[in-house]
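The block underneath contains the structure these notes are about, expressed in structure tokens.
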Amino acid sequence: MSLFKQYEMPTNGEKITIENGKLNVPNNPIVPFIEGDGTGPDIWNASVRVLDAAVEKAYKGEKKIAWYEVFAGEKAFNKYGEWLPEDTLTAIKEYFVAIKGPLTTPVGGGIRSINVALRQELDLYACVRPVQYFEGVPSPVKQPELTDMVIFRENTEDIYAGIEWAEGTEDVRKLINFLQNDMGVKKIRFPETSGIGIKPVSKEGTSRLVRAAIQYAIDNKRKNVTLVHKGNIMKFTEGAFKTWGYELAEKEFSDKVFTWAQYDRIKDEQGADAANKAQADAEAAGKIIVKDVIADAFLQQILLRPAEYDVVATLNLNGDYVSDALAAQVGGIGIAPGANINYVTGHAIFEATHGTAPKYAGLDKVNPSSVILSGEMMLRHLGWTEAADLIINSIEKTIASKQVTYDFARLMEGATELKASEFGDALIKNM
Ligand SMILES: NC(=O)C1=CN([C@@H]2O[C@H](COP(=O)(O)OP(=O)(O)OC[C@H]3O[C@@H](n4cnc5c(N)ncnc54)[C@H](OP(=O)(O)O)[C@@H]3O)[C@@H](O)[C@H]2O)C=CC1
Ligand SMILES: O=C(O)CCC(=O)C(=O)O
Ligand SMILES: [Mg+2]
């Protein structure tokens with residue numbers, strides 16, 4: 001019997017399964033993909049060839065991904081009259097690991113983000129966005145190689161939960177009346193003409209995100225985890241994120257971390273010298289330093305002292321801003337990959353940091369590296385590290401030979417500008 005209401009079942013491949021929290025990956029796993037809107041099809045066409053070529057080269061035909069197209073966004077709407085068909089969610093739940101191109105979200109009205117909906121519906125609570133520099137990529141900073149961070153952005157809460165009411169509606173009037181009359185709120189500056197958005201941030205949501213960030217730091221021998229928040233202003237959401245983050249770190253990783261909350265307690269009780277010594281001892285013992293910084297200061301710190309930051313754990317909106325800002329330091333969102341992961345259920349969707357770049361749609365022009373590197377993360381997640389390594393090596397080699405897409409070519413001397421598909425060809429040739 002079919003799993004799906006509208007889609008045909010995949011005709012090739014086997015299911016990935018999960019056992020004791022570990023993925024069981026067959027040699028021909030079914031992997032659902034969403035092509036994406038705007039530049040999505042151009043990017044996907046280049047990317048899928050590169051991913052297949054890396055797997056073929058690494059495993060000589062022994063392993064091969066059985067791609068299975070599922071639909072979301074404009075293509076889904078045109079085909080099924082729905083922006084996010086239930087079958088797409090069913091497929092990703094069933095097959096565990098998926099990859100997607102960017103999807104359009106209108107500003108100020110219309111449908112809510114399908115990208116955000118996918119993360120919420122599948123509870124993919126960690127948006128993991130590594131920021132690394134490839135030699136030769138044009139960058140606006142003097143030492144781009146000092147930027148080497150992995151962002152863990154909370155993906156299911158915060159102002160992104162989509163709890164908001166438009167100005168002038170009956171609902172917003174009801175809410176404002178409730179806030180003013182029942183809750184004693186006196187600070188809505190223009191109550192007659194306000195829209196209202198609500199920002200839920202929970203202890204559970206914070207804990208699982210910070211847990212994932214610290215575990216990643218341990219597994220990948222990183223030196224520190226920074227909690228980025230605006231807790232001085234939003235005390236019970238962003239401030240609580242910081243408090244709960246430190247609590248989690250000390251409770252669950254007591255022998256592996258040293259936190260700035262511990263530092264402050266030692267300083268209060270025994271003075272600054274003792275606190276500095278405790279931190280130095282912890283560093284010498286290879287413990288991960290868990291620290292925090294207020295979000296606006298963080299945005300200047302990443303330009304001035306990027307080497308001091310390693311793994312970053314932050315809330316949804318901060319993570320969105322920080323990931324594009326950090327991407328710029330290493331060449332832009334054209335080369336910034338990502339993954340949306342639930343570390344408990346094993347579900348994951350890999351996707352670029354950038355959007356649909358609509359002005360370039362259909363021109364075969366934009367940089368496919370973000371989706372290719374998201375695919376590289378996916379291969380590593382599947383345990384296919386040899387194929388993933390081939391992609392990294394080939395990107396390094398291709399950029400070093402100055403064969404790049406328009407975004408890099410316009411900033412490099414002596415570069416050959418390639419189309420998206422040609423850049424894919426060059427990566428395959430250089431593998
Ligand atoms: N996860 C997702 O699917 C996301 C979807 N979106 C959606 O995408 C749509 C467009 O958003 P917008 O704000 O314009 O942001 P985009 O990321 O789509 O594009 C902004 C600019 O970034 C550069 N850029 C983006 N992608 C690439 C690429 N692959 N290669 C090279 N340069 C690139 C281009 O800069 P330049 O013009 O200077 O060359 C482009 O004009 C919106 O509907 C938005 O909601 C946005 C972000 C994420
Ligand atoms: O969903 C969208 O349209 C934008 C999402 C976004 O900017 C992001 O995930 O980085
Ligand atoms: Mg974004």
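Order of appearance sets the numbers: ligands from 1, and atoms from 1 within every ligand. Position 1 is the first residue of the sequence, and the numbers go up from there.
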- Any N/O/S atom, backbone or side chain, of D324 lying under 2.8 Å from the Mg ion (ligand 3)? no
Nitrogen or oxygen contacts under 3.5 Å, ligand 1 side and protein side:
| from | atom 1 | to | atom 2 | distance (Å) |
| --- | --- | --- | --- | --- |
| ligand 1 | 1 (N) | E351 | OE1 | 3.2 |
| ligand 1 | 3 (O) | K100 | NZ | 3.4 |
| ligand 1 | 3 (O) | L103 | N | 2.9 |
| ligand 1 | 3 (O) | N115 | OD1 | 2.9 |
| ligand 1 | 3 (O) | N115 | ND2 | 3.1 |
| ligand 1 | 8 (O) | T356 | N | 3.0 |
| ligand 1 | 8 (O) | T356 | OG1 | 3.3 |
| ligand 1 | 17 (O) | G355 | N | 2.7 |
| ligand 1 | 18 (O) | G355 | N | 3.4 |
| ligand 1 | 18 (O) | T356 | N | 3.1 |
| ligand 1 | 18 (O) | A357 | N | 2.7 |
| ligand 1 | 29 (N) | H354 | NE2 | 3.3 |
| ligand 1 | 29 (N) | N367 | O | 2.9 |
| ligand 1 | 30 (N) | N367 | N | 3.1 |
| ligand 1 | 32 (N) | Y406 | OH | 3.2 |
| ligand 1 | 37 (O) | K359 | NZ | 2.9 |
| ligand 1 | 37 (O) | Y360 | OH | 3.0 |
| ligand 1 | 38 (O) | R410 | NH2 | 3.3 |
| ligand 1 | 39 (O) | Y360 | OH | 2.9 |
| ligand 1 | 39 (O) | Y406 | OH | 2.5 |
| ligand 1 | 39 (O) | R410 | NH1 | 3.2 |
| ligand 1 | 39 (O) | R410 | NH2 | 3.2 |
| ligand 1 | 43 (O) | T105 | N | 2.8 |
| ligand 1 | 43 (O) | T105 | O | 3.0 |

- Would you mind checking if E417 and K365 are paired as a salt bridge, meaning a charged N to carboxylate O distance below 4.0 Å? yes
- Check whether any side-chain heavy atom of I391 sits under 4.5 Å from a side-chain heavy atom of L427, and report yes or no. no
- Query: In Å and rounded to the nearest 0.5 Å, what is the NZ to CG distance from K100 to N340?
  - Reply: 7.5 Å
- Is there a nitrogen or oxygen of R153 sitting under 3.5 Å from a nitrogen or oxygen of ligand 2? yes
- Go through the steps for N430 and S394 under the test side chain to side chain donor-acceptor pair (under 3.5 Å), then give the verdict. CA-CA 5 Å; N430 288 333; S394 180; 5.1 Å; no
- Item | Residue D320 atom name (nearest to the Mg ion (ligand 3); N/O/S) | OD1
- Query: Hey, are E308 and R305 close enough for a salt bridge, meaning a charged N less than 4.0 Å from a carboxylate O?
  - Reply: yes
- Would you sort out whether Y309 and D148 count as a side chain to side chain donor-acceptor pair (under 3.5 Å), showing the intermediate values? CA-CA 8 Å; Y309 300 95; D148 180 8; over 6 Å; no
- Task: Considering heavy atoms of the protein only, find what lies nearest to atom 9 (O) of ligand 2 and give residue, atom and distance to 0.1 Å.
- Result: R119 NH2, 2.8 Å
- Query: Could you walk me through whether T88 and E86 pass the side chain to side chain donor-acceptor pair (under 3.5 Å) check?
  - Reply: CA-CA 5 Å; T88 293; E86 197 186 318; over 6 Å; no
- Note on the structure: Checking heavy atoms under 4.0 Å, the part of R129 that sits near ligand 2 is side chain
- Message: My understanding is that we take every heavy atom of each candidate and find the minimum distance to atom 7 (O) of ligand 2. Doing that for T353, D320, D324, which one comes out nearest?
- Response: D320
- Message: Checking the side chain of N342 only, and the main-chain atoms of V344 only, is there a donor and an acceptor separated by less than 3.5 Å?
- Response: yes
- If you count the atoms of ligand 2 from 1 in the order shown, which ones are under 4.0 Å from a heavy atom of N115? 1 (O), 2 (C), 3 (O)
- Quick one: look up the protein heavy atom nearest atom 1 (O) of ligand 2 and list residue, atom name and how far away it is. S113 OG, 2.5 Å
- Are K291 and F258 in a cation-pi contact, defined as NZ or CZ under 6.0 Å from the six-membered ring centre and within 45° of the axis? no
- Is R153 positioned over the aromatic face of Y321, cation under 6.0 angstrom from the ring centre and no more than 45 degrees off axis? no
- Message: Any nitrogen or oxygen of T105 lying under 3.5 Å from a nitrogen or oxygen in ligand 2? Just yes or no.
- Response: yes
